[in-house]
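Worksheet for the structure shown next.
The first residue in the sequence is number 1, and the count goes up from there.
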Amino acid sequence: MEQRRVGVVGAGTMGNGIAHVFAKAGFAVLLCEVNEAAMERGLATIRTNLDREAAKGKVDPAEVPGIMARVQPVRSLVGLAGCELVVEAATERLAVKQEILSGLDEVLRPEAVIASNTSSISITKLAAGTKRPDKVIGMHFFNPVPVMALVEVIRGLQTSDETFARVREIALALGKTPVEVNDAAGFVSNRVLMPMINEAIFAVMEGVATAEAVDEVFRLGMAHPMGPLTLADFIGLDVCLDIMRVLEEGMGDPKYRPCPLLVRMVDAGWLGRKSGRGFYRHG
Ligand code: CAA
């Protein structure tokens with residue numbers, strides 16, 4: 001049987017995780033990243049996470065070299081031409097994603113599907129910039145991608161039933177559970193998660209409780225694996241702020257206004273785990 005070939009654009013946290021799960025499921029993966037250092041970091045992270053899975057007995061250690069060999073680095077979108085599906089996992093900026101999608105639209109075969117891993121940008125808007133809006137869809141993975149079972153599959157206004165069915169089948173082939181949602185600001189995941197995180201930040205700002213206390217309430221009272229402020233540090237406070245702004249603008253409702261403390265922390269460069277400081281100190 002011919003090996004199925006997919007592309008992933010961006011080797012950052014989400015991109016390398018997505019490449020990891022495709023390769024582990026037997027797909028040939030072309031990982032496209034223009035920044036050489038980011039490519040090296042992405043490939044090293046896949047290797048570390050596969051070794052971690054091997055140590056836990058979730059992957060046969062003898063299979064790790066073969067899985068790594070299925071991830072081939074490419075430096076430009078042209079290299080993705082033969083893929084049946086490309087998942088875009090680049091920076092969460094409309095202009096960046098629009099440029100990548102129109103580039104993919106030029107190089108991919110007409111029947112290929114373009115999926116975006118955007119966490120909040122409108123799929124309908126991204127699709128409209130291509131000549132194949134029926135074949136553009138959201139495939140929203142969750143961090144850490146090898147661990148989290150969900151793929152939120154977002155249908156833009158013009159996404160066809162056939163595209164949805166193909167992406168659903170691919171998500172199942174990855175061992176993930178696809179959940180269908182329609183295109184609206186924040187989809188379902190971030191429409192519900194981010195206001196909760198934002199409200200937790202208001203509670204800290206107003207002195208209702210410390211960050212530690214808020215997190216303990218959620219870990220012990222609601223069995224969340226991480227409290228909302230630990231999770232905010234994990235996601236990145238800049239990402240949380242961007243998503244709150246998308247919700248505020250998309251809904252036109254002041255209940256989605258970002259907490260001023262969140263804005264101040266992002267202004268200070270306290271972005272959470274990746275910058276070494278957020279609600280907690282890291283590293
Ligand atoms: N790759 C592979 N395996 C990994 C991994 C990775 N990157 N990170 C963790 N793991 C594995 C560990 O090996 C471990 O395996 P076992 O269960 O076999 O022991 C398991 O995951 C749990 O990890 P740990 O024991 O190290 O730590 P933990 O129990 O504290 O779990 C966690 C870590 C999985 C991250 C857990 O804290 C968790 O689920 N947190 C919530 C994560 C979450 O909500 N993610 C969604 C964020 S929102 C998003 O991504 C989208 C958006 O649009 C903002």
Thinking salt bridges, do Asp242 and Arg93 make one under a 4.0 Å N-O criterion?
-> yes

Thinking salt bridges, do Asp238 and Lys274 make one under a 4.0 Å N-O criterion?
-> yes

Output side-chain donor-acceptor pairs under 3.5 Å for residues 82-89, partner residues at least two apart or in another chain, one line each.
| from | atom 1 | to | atom 2 | distance (Å) |
| --- | --- | --- | --- | --- |
| Glu84 | OE1 | Arg4 | NH2 | 2.9 |
| Glu84 | OE2 | Arg4 | NE | 2.8 |
| Glu88 | OE1 | Lys97 | NZ | 3.3 |
| Glu88 | OE1 | Ser116 | OG | 2.6 |
| Glu88 | OE2 | Ala90 | N | 2.8 |
| Glu88 | OE2 | Lys97 | NZ | 2.6 |

Under 6.0 Å from the [atom1] atom of [X], do we count more than 12 heavy atoms belonging to anything else shown?
{"X": "Arg109", "atom1": "CZ", "answer": "yes"}
{"X": "Arg168", "atom1": "CZ", "answer": "no"}
{"X": "Arg191", "atom1": "CZ", "answer": "no"}

For residues [X] and [Y], report the shortest heavy-atom separation together with the two atoms involved.
{"X": "Met244", "Y": "Tyr256", "result": "CE-O, 3.0 Å"}
{"X": "Gly278", "Y": "Leu237", "result": "CA-CD1, 4.2 Å"}
{"X": "Asp233", "Y": "Phe279", "result": "OD1-N, 2.9 Å"}
{"X": "Ala173", "Y": "Ala25", "result": "O-CB, 3.6 Å"}
{"X": "Ala19", "Y": "Leu31", "result": "CB-CD1, 4.2 Å"}
{"X": "Met14", "Y": "Phe141", "result": "CE-O, 3.1 Å"}

Judged by modelled atom types alone, do [X] and [Y] share a side-chain donor-acceptor pair under 3.5 Å?
{"X": "Asn190", "Y": "Ser120", "value": "no"}
{"X": "Glu92", "Y": "Thr118", "value": "yes"}
{"X": "Thr163", "Y": "Ser160", "value": "yes"}

The complete set of side-chain hydrogen bond (donor to acceptor under 3.5 Å, both in side chains) pairs with one or both residues in residues 5-33, sequence neighbours excluded, reads His20-Glu53, Lys24-Glu53

List the atom pairs, donor and acceptor, that lie under 3.5 Å between side-chain atoms in residues 246-254 and the rest of the protein, sequence neighbours left out.
| from | atom 1 | to | atom 2 | distance (Å) |
| --- | --- | --- | --- | --- |
| Asp253 | OD1 | Lys255 | N | 2.9 |

Linked, directly or transitively: Phe27 and Leu30 (ILVMFWY side chains, under 4.5 Å) | no

All N/O donor-acceptor pairs, side-chain side in residues 192-202, below 3.5 Å, sequence neighbours left out:
| from | atom 1 | to | atom 2 | distance (Å) |
| --- | --- | --- | --- | --- |
| Asn198 | OD1 | Cys259 | N | 2.9 |
| Asn198 | ND2 | Arg257 | O | 2.9 |

Quick check: does any side chain N or O of Thr124 sit under 3.5 Å from a backbone N or O of Leu157, one acting as donor and the other as acceptor?
-> yes

Donor-acceptor pair, Glu152 side chain versus Val188 backbone, under 3.5 Å?
-> yes

What residues, two or more places apart in sequence or in another chain, satisfy side-chain contact (heavy atoms from CB on, under 4.5 Å) together with Glu180?
-> Arg155, Phe164

Which atom pairs, donor and acceptor, lie under 3.5 Å between side-chain atoms of residues 212-224 and protein residues at least two apart or in another chain?
| from | atom 1 | to | atom 2 | distance (Å) |
| --- | --- | --- | --- | --- |
| Asp215 | OD1 | Leu229 | N | 2.8 |
| Asp215 | OD2 | Thr230 | N | 3.0 |
| Asp215 | OD2 | Thr230 | OG1 | 2.7 |
| Asp215 | OD2 | Tyr280 | OH | 2.6 |

Derivation and outcome, side chain to side chain contact (heavy atoms under 4.5 Å, CB included), residues Ile243 and Ser119 = CA-CA 8 Å; Ile243 296 173; Ser119 48; 3.7 Å; yes

